[in-house]
Amino acid sequence: MSKTTPSPPPYAAADISSLPADILEYHVLTRLDGQTLASASCANAVLRSILDTNHGLWYDVCHSTWPSTSGEVVNRIISSFSGNGPREFFSQAFPMPSPDPTKVFSPSSPPQCNKLINSSSSVLISAVDVYHRNKLIFTKTEETETVSGWFQCSPFRIDLLDPKDVVPTDIPHPDGDATCTSLINDMTLSWILIDPLSKRVVNLSSHRPVSVQRHWLTGDVQVRFGSVLAGGNHKHLSEANALVQCAIVVNCGRSDGGEMQVRELSMKVEDMDGKHLNGRDSLVILQRTLEGKRGNGLKREKEARNRYIKFEEMKRERRERKLRVEETLDTLSVAFGLSVFAGLIFIFC
């Protein structure tokens with residue numbers, strides 16, 4: 001007598017969406033981070049419906065990921081987004097700008113400079129959070145006006161700390177190269193730039209440092225974050241601005257007790273010659289970045305570091321090329337001077 005395979009019990013075919021909605025909403029989804037929630041919304045219609053309508057869940061995700069977004073100013077901006085505002089905010093702020101500008105060195109079409117400036121808000125809002133080993137050590141929201149002549153003509157720079165301010169930590173100050181290198185794995189930073197008018201946000205940080213350097217004399221440690229952005233080729237931007245780097249610098253000193261102190265936290269925009277762009281040119285680039293596409297958030301740290309390395313290589317090649325041109329011109333100048341001198345000697349002798 002042949003044996004028949006028993007049929008599976010009815011519950012074997014059930015999936016997570018068969019759970020009661022309140023169990024899913026308050027006991028399952030609240031345990032997930034934002035990136036996992038975004039992926040879960042693509043799993044089935046039930047999860048997508050819950051995540052599309054539950055604003056509170058996404059507010060909690062934004063606030064836990066970036067404590068700087070919990071203030072009244074940023075919350076008001078998030079609530080003005082269409083649809084599920086906090087979810088839209090997260091989808092723009094979590095991934096890095098895309099595509100990779102180092103693969104397309106010169107933009108195919110110049111940006112409309114005046115149009116981009118006129119369409120931007122009179123203020124840009126920075127929401128910044130710094131962590132060390134998942135412990136929050138600094139958070140701040142800063143507003144920067146963008147319409148004054150001083151802003152547009154001066155080198156673009158956003159400082160979150162006054163020169164006399166320091167942020168104390170209980171982190172031992174790095175004493176050697178090995179401990180400096182460990183900061184690459186231990187420190188994370190998020191710098192979300194918000195344009196309240198266009199309802200666009202972008203995270204300009206590489207999340208983890210792209211470089212850590214220790215000053216040989218003072219012992220201060222400079223931790224560098226940032227992103228490489230497409231510049232432009234219009235009349236306001238030179239060839240060196242085809243690619244620019246949004247550099248975020250954290251300078252850390254040593255306290256009397258041996259702990260690390262954050263003494264500077266700033267952002268600036270540099271071209272391939274290391275020149276700091278002014279506010280007008282930086283605003284053009286930042287506005288285009290705000291309106292551009294975003295990545296998927298996967299491997300964002302590795303991608304940001306690869307872009308930084310490529311940008312530094314291109315800077316070095318450009319510097320060497322300029323040196324070769326200058327050496328050639330110097331040689332020609334010397335040769336021309338010698339020929340003139342020899343000609344004068346021939347004439348008068």
Side-chain angles (χ1 to χ4, degrees), residues 30 32-35 37-38 51-97 119-131 134-147 151 156-162 165 167 188-207 225-227 229 246 248 250 262 265-269 279 282-283 285-295 297 300:
T30 54
L32 305 180
D33 59 26
Q35 191 175 14
L37 285 175
L51 293 171
D52 283 347
T53 57
N54 191 326
H55 292 208
L57 180 61
W58 284 102
Y59 270 116
D60 291 341
V61 168
C62 289
H63 296 165
S64 61
T65 307
W66 309 296
S68 58
T69 64
S70 60
E72 180 181 353
V73 173
V74 178
N75 268 328
R76 186 170 63 249
I77 296 171
I78 293 176
S79 64
S80 67
F81 281 41
S82 59
N84 190 328
R87 178 178 179 176
E88 176 62 23
F89 184 93
F90 185 90
S91 67
Q92 292 187 41
F94 182 81
M96 62 188 300
S119 63
S120 63
S121 176
S122 59
V123 296
L124 292 176
I125 299 175
S126 299
V128 182
D129 301 283
V130 185
Y131 284 85
N134 297 322
K135 179 182 178 181
L136 184 68
I137 61 175
F138 180 84
T139 182
K140 187 176 183 180
T141 302
E142 180 80 7
E143 295 187 17
T144 305
E145 64 85 15
T146 64
V147 294
F151 169 85
F156 174 80
R157 182 184 175 101
I158 300 177
D159 281 294
L160 298 186
L161 292 175
D162 292 331
D165 290 343
V167 179
T188 59
L189 181 146
S190 171
W191 191 305
I192 301 175
L193 194 69
I194 306 170
D195 184 345
L197 181 63
S198 66
K199 307 295 190 299
R200 302 294 295 177
V201 301
V202 64
N203 201 326
L204 296 171
S205 176
S206 51
H207 189 60
F225 301 81
S227 54
L229 309 175
C246 180
I248 301 171
V250 182
V262 179
L265 180 50
S266 63
M267 181 177 72
K268 53 194 174 184
V269 179
S282 300
L283 188 59
I285 294 169
L286 293 175
Q287 189 64 29
R288 186 168 59 175
T289 303
L290 282 161
E291 296 178 358
K293 296 180 179 180
R294 304 289 184 273
R300 56 177 178 166

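As the structure is a computational prediction, the values presented were derived from the model and not from experiment.
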Margin query: My understanding is that only residues two or more places apart in sequence, or in another chain, count here; which of them pass salt bridge (Lys or Arg N to Asp or Glu O under 4.0 Å) with Arg157?
Written below: Asp159, Glu264
Check: Of all residues at least two apart in sequence or in a different chain, which pass the salt bridge (Lys or Arg N to Asp or Glu O under 4.0 Å) check with Glu142?
Finding: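 In terms of salt bridge (Lys or Arg N to Asp or Glu O under 4.0 Å), with neighbours along the sequence ignored, Glu142 is linked to Lys140.
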Qualifying residues under side chain to side chain contact (heavy atoms under 4.5 Å, CB included), relative to [X], sequence neighbours excluded:
X      : value
Val167 : Phe138, Leu161, Val262
Pro95  : Arg294
Asp33  : Gln35, Thr36

Please list, chain by chain and in numerical order, all residues satisfying ring pair (Phe, Tyr, Trp, His ring centres under 6.0 Å) with [X], sequence neighbours excluded.
X      : result
Phe94  : Phe90
His207 : none
Trp191 : none
Tyr59  : His63

Check: Which salt bridge (Lys or Arg N to Asp or Glu O under 4.0 Å) pairs, counting each pair once, include a residue from residues 80-94, with sequence neighbours left out?
Finding: Asp52-Arg87
Notebook entry, point to check: Pairs in or reaching into residues 66-83: which pass salt bridge (Lys or Arg N to Asp or Glu O under 4.0 Å), with residues at least two apart or in two chains?
Noted result: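 Every pair satisfying salt bridge (Lys or Arg N to Asp or Glu O under 4.0 Å) with a residue in residues 66-83: Glu72-Arg76.
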Next item on the list: Using side chain to side chain donor-acceptor pair (under 3.5 Å) as the criterion, list what pairs up with Thr141, not counting sequence neighbours.
Entry: none
Notebook entry, point to check: Given the rule in the side chain to side chain contact (heavy atoms under 4.5 Å, CB included) test, do Met96 and Ser206 qualify, once you have shown the distances and angles that lead to the verdict?
Noted result: CA-CA 8 Å; Met96 62 188 300; Ser206 51; over 6 Å; no
What heavy-atom pair brings [X] and [Y] nearest, and what distance separates the two atoms?
X      : Y      : answer
Ile192 : Ala93  : CD1-CB, 3.8 Å
Met267 : Leu204 : SD-CD1, 3.7 Å
Val73  : Glu143 : CG1-OE2, 3.9 Å

Notebook entry, point to check: Side chains of Asn203 and Ser190: is there a donor and an acceptor less than 3.5 Å apart?
Noted result: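 Note: Asn203 and Ser190 side chains meet the donor-acceptor criterion.
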